[in-house]
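Structure record follows, encoded as structure tokens.
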Amino acid sequence: QVQLVESGGGSVQAGGSLRLSCVVLGGSTRDYCMAWFRQAPGKEREGVASIKSDGTTMESDSVKGRFTISHDHAKNTLYLEMNSLEPEDTATYYCAAESAVSVTCLRGYRSTLYYYLGQGTQVTVSS
């Protein structure tokens, strides 16, 4: 059974950086497209960035130029490098995975139809 385990969240000041990691247990990142979502209190879940198995990436306009999604197939790990953090980035961040052959992968972070979802890691940015 596939499990996604996130880590790397924490509290930083505005302008700071964090790197989130998501390890895929029981599966291989080569078999999935993956994405990062976030949800702030009282708000809907928002897609942040996504990556296909071949490394093709997509980022939302709200994070483009500040966040970078990547993966390391050898480590079965997904990453989200977050720079120039803003208080508005405060949220619980989740990684998600879907079969690489799914049409979900064509829409990337714009889709919510990911089969596997991690437990989340909290990111708090103070001004």
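Only heavy atoms go into these numbers, but all of them, side chains included; no hydrogens, no water, no symmetry mates.
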Least distance between heavy atoms, [X] atom then [Y] atom:
{"X": "Pro87", "Y": "Ala14", "value": "CD-CB, 4.1 Å"}
{"X": "Gln119", "Y": "Val5", "value": "OE1-CA, 3.8 Å"}
{"X": "Leu106", "Y": "Met58", "value": "O-SD, 4.5 Å"}
{"X": "Asn83", "Y": "Ser17", "value": "OD1-OG, 2.8 Å"}

Are there over 12 heavy-atom neighbours, none belonging to Lys75, within less than 6.0 Å of that residue's NZ? no
Would you say CD of Gln3 has more than 12 non-hydrogen atoms from neighbouring residues, nucleotides or ligands within 6.0 angstrom? no
Given 3.5 Å as the limit, does a donor-acceptor pair link the side chain of [X] with the main chain of [Y], or not?
{"X": "Ser50", "Y": "Tyr109", "value": "yes"}
{"X": "Glu6", "Y": "Gly120", "value": "yes"}
{"X": "Ser53", "Y": "Arg30", "value": "yes"}

By side-chain hydrogen bond (donor to acceptor under 3.5 Å, both in side chains), which residues pair with Glu86, not counting sequence neighbours? none
Among Cys33, Ser102, Cys95, exactly one meets side-chain contact (heavy atoms from CB on, under 4.5 Å) together with Tyr114. Which residue is that? Cys33
When rounded to the nearest 0.5 angstrom, what is the spacing between [atom1] in [X] and [atom2] in [Y]?
{"X": "Leu25", "Y": "Asn76", "atom1": "CG", "atom2": "CG", "answer": "8.0 Å"}
{"X": "Glu46", "Y": "Ser62", "atom1": "CD", "atom2": "OG", "answer": "4.5 Å"}
{"X": "Lys52", "Y": "His71", "atom1": "NZ", "atom2": "NE2", "answer": "12.0 Å"}

Which residues, ordered by chain and number, are linked to Leu20 in its hydrophobic cluster, where ILVMFWY side chains connect at heavy-atom gaps below 4.5 Å, directly or through other members? Val2, Leu4, Val12, Leu18, Val24, Tyr32, Met34, Trp36, Val48, Ile51, Val63, Phe67, Ile69, Leu78, Leu80, Met82, Leu85, Tyr93, Tyr115, Tyr116, Val123, Val125
Knowing that exactly one of Thr92, Asp89, Thr121 qualifies, which makes a side-chain hydrogen bond (donor to acceptor under 3.5 Å, both in side chains) with Arg38? Asp89
Check whether any side-chain heavy atom of Ser99 sits under 4.5 Å from a side-chain heavy atom of Asp31, and report yes or no. no
